[in-house]
Amino acid sequence: MGEDFTQQIRDKAKELLENGAVECVIGYETGSDGVSARPAFIYDAAEVDRLAFDNTCTHNLVKYLLDKKGKSTAVVVKGCDSRALNLLLSERQIQRDKVYVIGVVCPGVVEWGWNKRSEQLQKRCNWCRQHTPVVSDFAVGEPITEEPPAEFADVAEMATKTAEDRATFWRDQAERCIRCYACRQACPGCYCIDCFVELLDPEWVGIRIAPDENWMWNTIRAYHLGGRCISCNECERVCPVNIPLSLLNRKLEQEVLDLFDYKAGMSEDAPAPLITFKKDENLGIAE
Amino acid sequence: MSEDNSPLVIGFLCNWCSYAGADMAGTSRQAYPPNIRIMRVPCSGRVDPLLIVKCFEEGADAVLVAGCHPGDCHYTEGNYHGRRRFALLRDLLDFMGIEKERFRIEWISASEGKRFAKVVSEFTDEMTKLGPRKVG
Ligand code: SF4
Ligand code: SF4
Ligand code: SF4
Ligand code: FES
């Protein structure tokens, strides 16, 4: 990876900016700590050498396309990120002909912090079954054969607890939430202009930062991504108090697979499970 | 949970079928427990999951959503959409410690007054046995 991927990305960015195919290339560069990656927005071919790719390139850059509507933009995506492209395309938030996808076959990203990088893969990479991007105009790296469908051991373990223990667990998590909404801001699927959590009329969630209100927020945030979450796990990564949001997201992912045989972001055309229905399904309701 | 320890059940009933069914239960003098607080909504498809989660946040022990039978929705497909949303929400809530049993979805027509009374009685009994929500 490293040098070679970086060079391929730089060359492609240079070409796209020089021939005017795109106005901006969204990629990664090394941050001011000299170690970890941060998003980079390159508008000038002379600046492509800022671009880099390594195993700290964790951000899901697809999120930024929401601010680039109508403007030709290139974006660097990893396998998991690439599913967000299909999500946003199917929800008519971005236009395919305005986006140039530089798809990186991703070997995995590691846990890192300010000025330090570990060798330990991030959680999401252990579950990942999408190392090769599902959409790409220019591929970086050799496509790899994906392993069989993910298992949900973490979800299953939670399900072995009693209802009371589960309720206590989530109550405790909600108690710690500071409602910074970083989880929402990082999520490619959270782009509502008026998020329910900030509405005043009706006021679904009181402005008080307290367990009940936080519980409501965490529950609905997860639910709003039901059948839409593409498993990039950026929400959990950015949570400053380490709430295991992936447990909720993955529970929903598993149920969506079971109930609707659906996996988000795999195609631009497949309708999301909650905007469609089958007349003759009963889904365990009112049998 | 009310003071006498009997469960607090919130019911969302669609105007065209289940609410009329509840009315029918009343006019034909079918008794059912007073635990249920009824909310009339235009259609079961109107029941935003936010409403259900809000009920639980505010301390309800159980929620019932009742609408027209599949195929009979006044707006043709409201209950089909609702069914998917509720199925997914019920699983999520269960995972978060609100047992599946506490969130019930039923199809009850305008002529099923008897059935409405039966559903509410059984549901209330079941919730009494399950007991109040312990955390929340
Ligand atoms: S990022 Fe964490 S603390 Fe912030 S709102 Fe989301 S769950 Fe709460
Ligand atoms: S939490 Fe829900 S309402 Fe808020 S931005 Fe995300 S999807 Fe939209
Ligand atoms: S909910 Fe989390 S894991 Fe899912 S798409 Fe949003 S940021 Fe990614
Ligand atoms: S009108 Fe009764 S369920 Fe739609």
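Values below: every heavy atom of this structure, side chains too, minus hydrogens, waters and symmetry copies. By convention in this document, chain letters (A, B, ...) are assigned in the order of the sequence lines, proteins followed by strands, and residues within each chain are numbered from 1.
In terms of modelled atom types and a separation under 3.5 Å, the side chain of A:Y223 and the main chain of B:R85 share a donor-acceptor contact. A donor-acceptor pair under 3.5 Å is absent between the side-chain atoms of B:R84 and the main chain of A:L259, judged by distance alone.
For chain A, the nearby parts of B:L51 are the backbone and the side chain; heavy atoms of each come within less than 4.5 Å. For a residue to count as touching a neighbouring chain, one of its non-hydrogen atoms must lie under 4.5 Å from one of that chain's; by this rule A:K278 touches chain B with backbone and side chain alike. For a residue to count as touching a neighbouring chain, one of its non-hydrogen atoms must lie under 4.5 Å from one of that chain's; by this rule A:F169 does not touch chain B. If you measure heavy-atom distances from A:T276 to chain B, the contacts under 4.5 Å come from both the backbone and the side chain.
Within the 4.5 Å cutoff, no side-chain heavy atoms of A:V205 are placed close to those of B:K54. Taking the side chain as every heavy atom from C-beta outward, A:L252 and B:F95 never approach each other to under 4.5 Å. Taking 4.5 Å as the limit, some side-chain heavy atom of A:R166 sits within range of a side-chain heavy atom of B:D94. Within the 4.5 Å cutoff, the side chain of A:Q254 has no heavy atoms near those of the B:D91 side chain. The shortest distance between side-chain heavy atoms of A:E281 and B:R83 falls below 4.5 Å. Taking the side chain as every heavy atom from C-beta outward, A:W215 and B:V53 approach each other to under 4.5 Å.
For residues 113-120 of chain B, an interface with chain A (any heavy-atom pair closer than 4.5 Å) does not exist. At a heavy-atom separation below 4.5 angstrom, chain A is approached by B:E77, B:Y80 within residues 71-80 of chain B.
Judged as a salt bridge (charged side-chain N to carboxylate O under 4.0 Å, His left out), the pairs with a partner in residues 254-266 of chain A (not counting sequence neighbours) are, in order, A:K251-A:E255. For the salt bridge (charged side-chain N to carboxylate O under 4.0 Å, His left out) condition, the pairs that include at least one residue of residues 182-205 of chain A, sequence neighbours left out, are A:R184-A:E198.
Per-residue counts of heavy-atom pairs under 4.5 Å with chain B were compared for A:L283, A:D165, A:I275; the largest is that of A:L283. Per-residue heavy-atom pair counts under 4.5 Å with chain A were compared for B:E58, B:H81, B:E106, B:M96, and the maximum is reached by B:M96.
Between the CD1 atom of A:I220 and the CG atom of B:L89 there is a distance of 7.0 Å, given to the nearest 0.5 Å.
More than 12 heavy atoms of other residues, nucleotides or ligands lie within 6.0 Å of CD1 in A:I209, so this atom counts as buried by the packing criterion. Atom CZ of A:R179 has more than 12 heavy atoms from other residues, nucleotides or ligands within 6.0 Å.
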task: Give the intermediate values and the outcome of side chain to side chain contact (heavy atoms under 4.5 Å, CB included) for residues A:T219 and B:E57.
output: CA-CA 10 Å; A:T219 308; B:E57 186 214 321; over 6 Å; no
